Amino acid sequence: MNIIELIQEQVVDCLSSQFDHKAKNADILVNVTSKTFEGDYTVVLFPFVKALRQNPQTLGDAIGKTLVEGGDTFTGYNIIKGFLNLEISASAWRKELANLFENKDTLGKIENAGVKTLVEFSSPNTNKPLHLGHIRNILLGWSCSQILKEVGQEVINTQIVNDRGIAVCKSMMAWKKTGNGQTPEQAGKKGDHFVGDFYVAYDQLLKAEYAEWQTTIKAEEVYNTHKKDDQTKEDFFKSYKNRYFNSYSSLGEETKEMLLKWEDNDPETKNLWKTMNGWVYDGFEETYKSLKVTFDQLYYESDTYLLGKDIIEQQLAAGKFYKEDDGSIWVDLTDRGLDKKILLRSDGTSVYMTQDIGTAKQRYDDHGMNSMVYVVGNEQDYHFKALFETLKLIEEPYSDALFHLSYGMVDLPTGKMKSREGTVVDADDLVAEVISEARSSAQENGNLESVDEVEREDIYSKIGLGALKYFIIKVHPKKRMTFDPKQSVDMQGQTGPYIQNAYVRIKSILRKNEDALAANMDAYDKIENAEKALLIDLLQFPSTLQEAAKQFDPSAIANYSFNLAKDFHRFYHEVRILNASDEAKAFRLTLIETVATILERSMRLLGIEMPSRM
RNA sequence: GGUCUCGUAGCUCAACUGGAUAGAGCAGCUGCCUUCUAAGCAGCAGGUUUCAGGUUCGAGUCCUGACGGGAUCACCA
C-alpha cells in the first residue's frame, strides 16, 4: 500500500468512526499539495462538508488530529478553505523509498491480466516509402503495444499491408515502361524509394499523355459539353483528370487491364508484382529497423481482400443484415446512432467493410484475441464506429473490446503535407537527419571522445531517435500536431535528450560510487523538498501507467517522464550526493537509482532507449 | 448543410474521475561551469483558457448556443 492509499484508508476509517459516514477509498480525493501551501498531500474536504453538515475547519481538524495522533506517518496538518494539507514524516518517506527501490523493476506492472490484444499499426501501401504520417502512426502503435504489455496483456503487433490495387499497378506499369529492367540494387536505391519513384514517374507519364490529349478535337468536345459556366480550359481540365483517367486515357486503360490480370492470376503480372513488392518490403524492413520496431505477424490485403463475404451471407441468413432489391447487402445501424452501411455491392464484390470484418474474423481464428486496437488516422473515425458496431451486432467474441486509436494529422509549419507538391517528409531522411544532428551536437560538447567509434554511433542514434520520437509522442494522439523540423531536432528543454540526460547523470554518479549502498539511511530525517518531489513523482508512476493503458495514451507517459527528469535535474543541482553525510548519501543513491529505473522504463514504453553516457 | 473533433502565453504543448493563485518548453532578457556530465540550474517577462449563457461550494474541464480550424458524409480505401 502506498502513501495515497494509506491516507484514503485512514480518512475513510475516521469518517466512519467519528461521523458515522460510509465512504469508499476512491471517494477520497488526495492531491499533491500545491507549492503555495505547507504540506505534502492534500485531502479535499468539500464533498463531505455538505453531506456531514460540518464546516471544513471542524471536519479537517477531526481528521487531521486523528491521522497525526494515530501513528508516525503524519507529523502535522493545516486547513485552508476546504483543503486538509498533511505533512508526511521522514520515517514514512524512508519507508516509501525503501519500498519503491525494492520494487522499482516491477512498479505498476501487472503479471498476467488474462487479456490478449492485437495491435494493428503502420499498415502502409506498397507503392511508396514511409513518411512522417506513418512515423506518428508507428510510434503510437509501438508505444501502445509496449504499454499494454506492461500492464500484463499478451500483445500481438500486426499490420494490414495494402499490397494490391490500382495504385500498386501504377508503379508496376511505370517500371515496365521506363524501368529498363533495372533493380534497386543496380540503381543504388532503397527498394521502397525505388518503387516510389516509379509511382511518381507514372504520374508524369499520365500528365504528359493528358496534356497531349487536351489538344485533340475530342477534348475540345468534352470541354464544351461538360464545362461549368465560364470555367476556363485550364480549370476544367484540372478537375477532369480523374474522369480522363477512367474514360479516355490509354495508359489508364492499360493499368486497369493489369489490375484485372492480377486478379486473374496472370503469371507474368503476379511475378512482377511479387518482385516489386519484395523490393518495397526490403525497404520497409530497413525503416522499421532504424525505428527499432518489430511486428509479430503481417496480414496482406492480397490475402484478405476476398474475405468476409461468407460471414456477410451467413449473417444475412441470420437476419442481422438485409438485402436491397438490387442485390446489395446492408447493415442498418440507425438505432445505434449511425447510418446504413453497405457490406456487399450489388455485383457481389466486396467493399472496405467486408474485408475488415473478414480480416477481424481471420485474426480471431489465428490468435483467439479478446481485444483489438487499430491505429489509424482520424479521417476514418466513422468507418471504425460502423465497423465496431457491426461486429457487436453479429456478436463477435472480441467485439466489446475494440478500440480505434485515432490520431490527428501531422502538419508542417508551412501547412499540410502534399505528395503532389513534394512537401512530404520522408521517414528515412528524417531519421538520418535527427541522428546527424545528434552527432554534431555531441561532437560540440565533446563528452564522448573517450568512447569508441561503434558505441559512439550507437549513442548518437539513441539521442537522435530520442529527440524525434519524444517530439512526436508527447502530443496527445487525438490532437492534430504541427511538426516543425527545426524543433524536432532540438535537444534542450522538453525533449527526449533532456530526459536521457537525467538518466546519464544518474548513471555517471552511480559509476563513481565505489562502496555501493553499504550505508544505512535510517538516520536520515531531514528530507529536502527536491527529494520529496521525486518521491511523489515515483509514487505516481503506477497510476500514470494504468491511465495510459486505459486511455491508449502514450503522451501521458511522455509528460510523466519529463516531469520526473525535470525534478531530478533540480534535485541534482540543489543537493550533493557523493560527498553528503553517510545517511544522506545512502538515501540519495537509493532515490536516484530508483529514478533511473523508472525513467528508463518509461522511455522504453515510448520506444526510446537510454544511452549510459552522452 | 448533417455528424464527429479541436480551440489554453508570440510559437509548440501540459493540466489525474470538476479542486486552491492555469503550468512547462521554445523564442527574448539576466545570472550560474576550480564542486557528482552546462544536452543542466535559477530568475525576469509573457493569459479575459475563442465568445456568451447555464449547472455548483468550486468550471480550462460538464451542459446549451455562437464563432473559428479540421475531418467525414461513395456500391473508394
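Quick caveat: nothing in here was measured; it's all calculated off a predicted structure. Every chain is numbered from 1, with letters handed out A, B, ... down the list of sequences.
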(request) Ignoring backbone atoms, test whether Ser508(A) places a side-chain nitrogen or oxygen under 4.0 Å from the OP1 or OP2 oxygen of U37(B). (result) yes

(message) Other residues, nucleotides and ligands only: do more than 12 of their heavy atoms fall within 6.0 Å of CD on Glu455(A)?
(response) yes

(message) Once you apply a heavy-atom cut-off of 4.0 Å, does Pro611(A) come out as touching a base, just sugar-phosphate, or nothing?
(response) nothing

(request) For the pair Glu457(A) and Arg439(A), find out whether any cationic side-chain nitrogen is under 4.0 Å from an anionic carboxylate oxygen. (result) yes

(message) Side chain of Lys479(A) only, heavy atoms from C-beta on: which candidate in A20(B), U12(B), G7(B) is closest?
(response) G7(B)

(request) Determine the contact category for Asn85(A): base if any of its heavy atoms lies under 4.0 Å from a base atom, sugar-phosphate if only primed atoms, P, OP1 or OP2 are that close, otherwise nothing. (result) base

(request) Return the orientation label for the Tyr560(A) and Phe541(A) ring planes: parallel under 30°, perpendicular over 60°, tilted otherwise. (result) tilted

(request) Mind running a 4.0 Å heavy-atom check of residues 549-558 of chain A against RNA chain B and sending the residues that fall below it, in number order? (result) none

(request) Could you check if the base of C11(B) is syn or anti? Syn means the glycosidic torsion is within 90 degrees of 0. (result) anti

(request) Under the side-chain hydrogen bond (donor to acceptor under 3.5 Å, both in side chains) rule, collect the residues that match up with Ser441(A), sequence neighbours excluded. (result) none

(request) Quickly work out the Glu444(A) CD to C33(B) P distance and round it to whole Å. (result) 20 Å

(request) Could you tell me the separation between the NZ atom of Lys585(A) and the C1' atom of C36(B), rounded to a whole number of Å? (result) 11 Å

(request) Choose from C16(B), U37(B), A20(B) the nucleotide whose nearest atom is closest to any side-chain atom of Asn31(A). (result) C16(B)

(message) For a quick check of understanding: with a heavy-atom distance under 4.0 Å over all strands, which category does His383(A) fall into, base, sugar-phosphate or nothing?
(response) nothing

(request) Quick one: the dot-bracket string of RNA chain B, using Watson-Crick and G-U wobble pairs with both distances under 3.5 Å, [ ] for crossing pairs and | for bases paired to another strand. (result) (((((((..((((.....[...)))).(((((.......))))).....(((((..]....))))))))))))....

Identify each donor-acceptor pair in which a side-chain atom of residues 474-481 of chain A lies under 3.5 Å from a protein atom, sequence neighbours left out, and give them as a table.
residue   : atom : partner   : partner atom : Å
His476(A) : ND1  : Lys478(A) : N            : 3.2
Arg480(A) : NE   : Asp411(A) : OD2          : 2.6
Arg480(A) : NH2  : Asp411(A) : OD1          : 3.0
Arg480(A) : NH2  : Asp411(A) : OD2          : 3.2

(message) Please confirm whether the shortest side-chain N or O distance from Tyr572(A) to OP1 or OP2 of A38(B) is below 4.0 Å.
(response) yes

(message) Going by ring pair (Phe, Tyr, Trp, His ring centres under 6.0 Å), name the residues that satisfy it together with Tyr460(A), two or more places apart in sequence or in a different chain.
(response) none

(request) Check step by step if ring-ring contact (aromatic ring centres under 6.0 Å, His included) holds for Phe46(A) and Phe83(A). (result) CA-CA 8 Å; Phe46(A) 291 110; Phe83(A) 300 93; 5.4 Å; yes

(message) Between A38(B) and U12(B), how far apart are the two P atoms, rounded to whole Å?
(response) 32 Å

(request) Select one nucleotide: of U12(B), G19(B), A39(B), the one nearest the side-chain heavy atoms of Leu29(A). (result) G19(B)

(request) Rounded to the nearest angstrom, tell me the gap between atom CG in Leu344(A) and atom P in A74(B). (result) 19 Å

(request) Sugar-phosphate atoms are those with a prime plus P, OP1 and OP2; base atoms are the rest. Using that split, label each nucleotide of nucleotides 22-27 of chain B B, S or - for protein heavy atoms under 4.0 Å, 5' to 3'. (result) --BSS-

(message) Can you identify which nucleotide, out of U21(B), A14(B), C36(B), has its nearest atom closest to the Lys81(A) side chain?
(response) U21(B)

(request) Assign Val475(A) to base, sugar-phosphate, or nothing according to its heavy-atom contacts below 4.0 angstrom with the strands shown. (result) sugar-phosphate

(message) Rounded to whole Å, please give me the gap between OH in Tyr41(A) and C1' in C16(B).
(response) 13 Å

(request) To the nearest Å, give me how far apart NE2 (His569(A)) and C1' (C36(B)) are. (result) 14 Å

(message) Under 4.0 Å, counting only non-hydrogen atoms across every strand here, what does Ile463(A) touch: a base, just sugar-phosphate, or nothing?
(response) base

(request) Summarise protein proximity over nucleotides 67-73 of chain B in one line of letters, 5' to 3': B for base, S for sugar-phosphate only, - for none, counting protein heavy atoms closer than 4.0 Å. (result) ---SSS-

(request) State which of C36(B), C13(B), G40(B) makes the closest approach to the side chain of Tyr498(A). (result) G40(B)

(message) So, using salt bridge (Lys or Arg N to Asp or Glu O under 4.0 Å) as the criterion, who are the partners of Lys507(A) when residues are at least two apart?
(response) none

(message) Quick test of your reading of the model: are Lys532(A) and Glu528(A) salt-bridged, counting only N-O distances below 4.0 Å?
(response) no

(message) Quick check: Phe48(A) with Phe19(A) (ring centres under 6.0 Å apart)?
(response) no

(request) Using side-chain hydrogen bond (donor to acceptor under 3.5 Å, both in side chains) as the criterion, list what pairs up with Thr304(A), not counting sequence neighbours. (result) none

(message) Check this for me: does the side-chain of Asn501(A) come within 3.5 Å of the base of A38(B) through a donor and an acceptor?
(response) no

(request) Could you pull out all residues at least two apart from Trp262(A) that satisfy side-chain hydrogen bond (donor to acceptor under 3.5 Å, both in side chains)? (result) none

(message) Which residues pass the side-chain hydrogen bond (donor to acceptor under 3.5 Å, both in side chains) test with Gln8(A), not counting sequence neighbours?
(response) none

(request) Give Thr42(A) one of three labels, base, sugar-phosphate or nothing, depending on what nucleic acid heavy atoms sit under 4.0 Å from its own. (result) base

(message) For U17(B) and Lys24(A) - does any side-chain N or O of the residue sit under 4.0 Å from the phosphate oxygens OP1/OP2?
(response) no

(request) Tell me which nucleotide among G40(B), C36(B), U21(B) gets nearest to the side chain of Arg505(A). (result) G40(B)

(request) Identify whether any heavy atom of Val489(A) sits under 4.0 Å from a base atom; if not, whether one sits that close to sugar-phosphate; answer base, sugar-phosphate or nothing. (result) nothing

(message) If the condition is ring pair (Phe, Tyr, Trp, His ring centres under 6.0 Å), which residues does Tyr374(A) pass it with, not counting sequence neighbours?
(response) Phe384(A), Phe388(A)

(message) Can you measure Asn579(A) atom CG to C36(B) atom P for me and round it to whole angstrom units?
(response) 9 Å

(request) Could you measure between the two P atoms, the one in U21(B) and the one in C63(B), and give it in whole Å? (result) 24 Å

(message) Quick check: on RNA chain B, is the nucleotide nearest Phe83(A) upstream (toward 5') of the one nearest Phe471(A), or the reverse? Name the residue that is more 5'.
(response) Phe471(A)

(message) Base, sugar-phosphate or nothing for Val44(A)? Non-hydrogen atoms, less than 4.0 Å.
(response) base

(request) Assign each of Glu301(A) and His573(A) to its nearest nucleotide of RNA chain B by heavy atoms, then name whichever residue's nucleotide is nearer the 5' end. (result) His573(A)

(request) Calculate the interatomic distance between Ile592(A) atom CD1 and C36(B) atom P; express it in whole Å. (result) 14 Å

(message) Please determine whether a side-chain nitrogen of the Lys or Arg among Lys486(A) and Asp490(A) lies less than 4.0 Å from a carboxylate oxygen of the Asp or Glu.
(response) no

(message) I want to check one thing: is the phosphate of C6(B), taken as OP1 and OP2, less than 4.0 Å away from some side-chain N or O of Lys478(A)?
(response) yes

(request) Measure the distance between the ring centre of Phe46(A) and the centre of the six-membered base ring of G58(B), then answer whether it is under 5.5 Å with planes under 30°. (result) no

(request) Determine, for Glu389(A) against Lys341(A), whether the closest basic-nitrogen to carboxylate-oxygen distance falls under 4.0 angstrom. (result) no

(request) Output the single nucleotide from A77(B), U12(B), C41(B) whose closest atom is nearest the side chain of Asn162(A). (result) A77(B)

(request) Check whether NZ of the Lys or CZ of the Arg Arg136(A) lies under 6.0 Å from the centre of the six-membered ring of Tyr407(A) and within 45 degrees of that ring's axis. (result) no

(message) From CD of Glu38(A) over to P of U21(B), roughly how many Å is that when rounded to an integer?
(response) 18 Å

